[in-house]
Amino acid sequence: MSLHIQFRPVSREDGDALATLRVEAMRESLERAGRFDPERARNRFLDAFSPDATHEIVANGERAGFYVLKWKGASLWLDHLYLKAQWQGRGIGAQVLRHVFARADELQVDVGVGALRGSPANRFYARHGFELVEQVDVDNYYVRRPRR
């Protein structure tokens, strides 16, 4: 079955549903790190929730996940990229990155991202051209330079 992917804006009212999606998507990695606290993960997202920077990922008409792309200094920062478990491993994350990279390349700016150490996200970001630039506590930080 082919996938039809769309990126849609969200509103303030979407915050609770997106926070729930984030908690479920992060659960396994946070449990493995001994840091799973669903209330903390939920509140951390909602406290910084910016609908203007958040995009719903719709796959075949269903909310499959979301991403948040913000400015951090002179770079774009991929603050969140989460997919529901049933949508992972189907190339959707790669489509999100191609979309983000096209914007970054057009603007000639870096894209930064962070990932919890031990998370499969680290392999995903490295495979898509991000370079590890810093390790702090339990997090890895990456950058992807613009293509000319």
Side-chain angles (χ1 to χ4, degrees), residues 3 5-10 14-59 62-148:
L3 285 176
I5 305 299
Q6 295 175 289
F7 306 118
R8 295 184 187 158
V10 302
D14 292 306
D16 283 334
L18 297 177
T20 299
L21 193 156
R22 175 184 191 257
V23 168
E24 284 309 306
M26 292 184 67
R27 180 181 200 115
E28 186 179 323
S29 292
L30 288 172
E31 283 177 341
R32 196 171 29 256
R35 297 175 54 100
F36 183 64
D37 179 342
E39 200 57 35
R40 179 177 182 271
R42 180 178 190 73
N43 290 336
R44 191 168 172 215
F45 174 76
L46 290 172
D47 288 347
F49 180 48
S50 173
D52 291 344
T54 305
H55 306 274
E56 174 183 49
I57 303 165
V58 179
E62 179 186 327
R63 177 182 281 158
F66 71 96
Y67 73 94
V68 177
L69 189 64
K70 296 180 176 180
W71 284 101
K72 188 174 185 180
S75 299
L76 288 171
W77 181 256
L78 185 58
D79 205 22
H80 299 285
L81 171 54
Y82 298 109
L83 292 168
K84 292 178 181 178
Q86 68 266 32
W87 293 105
Q88 294 176 9
R90 297 174 70 178
I92 297 171
Q95 286 189 45
V96 171
L97 290 184
R98 282 192 297 275
H99 180 73
V100 168
F101 293 167
R103 182 167 178 209
D105 291 350
E106 179 182 326
L107 298 171
Q108 286 296 289
V109 297
D110 292 349
V111 178
V113 68
L116 185 67
R117 284 192 204 182
S119 167
N122 290 281
R123 289 187 307 279
F124 171 76
Y125 292 127
R127 191 170 60 246
H128 287 90
F130 283 91
E131 297 173 30
L132 180 66
V133 292
E134 186 176 18
Q135 294 182 309
V136 178
D137 294 324
V138 297
D139 295 312
N140 290 331
Y141 294 97
Y142 297 88
V143 68
R144 187 262 190 190
R145 308 281 180 214
R147 305 292 187 253
R148 304 227 177 256

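Positions are given from 1 along the sequence.
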| query | Mind checking what makes salt bridge (charged side-chain N to carboxylate O under 4.0 Å, His left out) contact with Lys70, not counting sequence neighbours? | reply | Asp79
| said: Does any part of the side chain of Trp87, heavy atoms only, come nearer than 4.5 Å to the side chain of Leu3, both counted from C-beta? | reply: yes
| said: Is the ring pair Tyr67/Phe7 parallel, tilted or perpendicular, if the boundaries are 30 and 60 degrees? | reply: perpendicular
| What pair of heavy atoms forms the shortest contact from Ala25 to Tyr82, and how long is it? | CB-CD2, 3.8 Å
| note | Correct closest heavy-atom pair for Val109 and Ala74 would be CG1-O, 3.5 Å
| said: Give me the atom names and distance for the closest heavy-atom approach of Pro146 to Ala104. | reply: CB-O, 4.2 Å
| query | What closest approach, in Å, do Arg8 and Gln6 show between heavy atoms, and which atom pair accounts for it? | reply | NH2-OE1, 3.0 Å
| For Leu83 and Gly93, which heavy atoms make the closest approach, and how far apart are they? | CD1-N, 3.9 Å
| query | With Phe130, which residues qualify under ring pair (Phe, Tyr, Trp, His ring centres under 6.0 Å), at least two apart? | reply | Phe101, Tyr125
| Spacing of OH belonging to Tyr142 relative to CG belonging to Leu78, to within rounding of 0.5 Å | 13.0 Å
| request: Give a yes or no on whether the backbone of Ser119 and the side-chain of Asn122 come within a donor-acceptor separation of less than 3.5 Å. | output: yes
| field | Approximate separation, where rounding is to 0.5 Å, of Gln88 CD and Gln86 CD | value | 8.5 Å
| Nearest 0.5 Å, what's the OG-CG distance between Ser75 and Leu107? | 11.0 Å
| Do any pairs count as a salt bridge (Lys or Arg N to Asp or Glu O under 4.0 Å) and have a residue in residues 47-59, sequence neighbours left out, and if so which ones? | Glu56-Arg63
| said: For a 4.5 angstrom cut-off between non-hydrogen side-chain atoms, does Val23 reach Glu39? | reply: no
| message | Just so I know, are the side chains of Phe124 and Leu97 near enough to count as touching, which here means a heavy-atom distance under 4.5 Å? | response | yes
| field | Which residues share a salt bridge (charged side-chain N to carboxylate O under 4.0 Å, His left out) with Asp139, sequence neighbours left out | value | none
| remark: By salt bridge (charged side-chain N to carboxylate O under 4.0 Å, His left out), Arg145 pairs with (sequence neighbours left out) Asp110
| request: Using a 4.5 Å cut-off on heavy atoms from C-beta on, say whether the side chain of Asp105 contacts that of Arg144. | output: yes
| said: Is it the case that the side chain of Gln108 and the backbone of Arg147 share a donor-acceptor pair, with hydrogens and angles ignored and the cut-off at 3.5 Å? | reply: yes
| said: Over 60° means perpendicular and under 30° means parallel, so tell me whether Phe66 and His80 are parallel, tilted or perpendicular. | reply: tilted
| field | From Ile57 atom CD1 to Glu62 atom CD, the distance as rounded to the nearest 0.5 Å | value | 12.5 Å
| Distance-minimising heavy-atom pair for Ala94 and His128 | CB-NE2, 3.5 Å
| Counting distance only, does the side-chain N/O of His99 pair as donor-acceptor with the main-chain N or O of Gln95 below 3.5 Å? | no
| said: Show every side-chain hydrogen bond (donor to acceptor under 3.5 Å, both in side chains) that has at least one partner inside residues 129-138, sequence neighbours left out. | reply: Gln135-Asn140
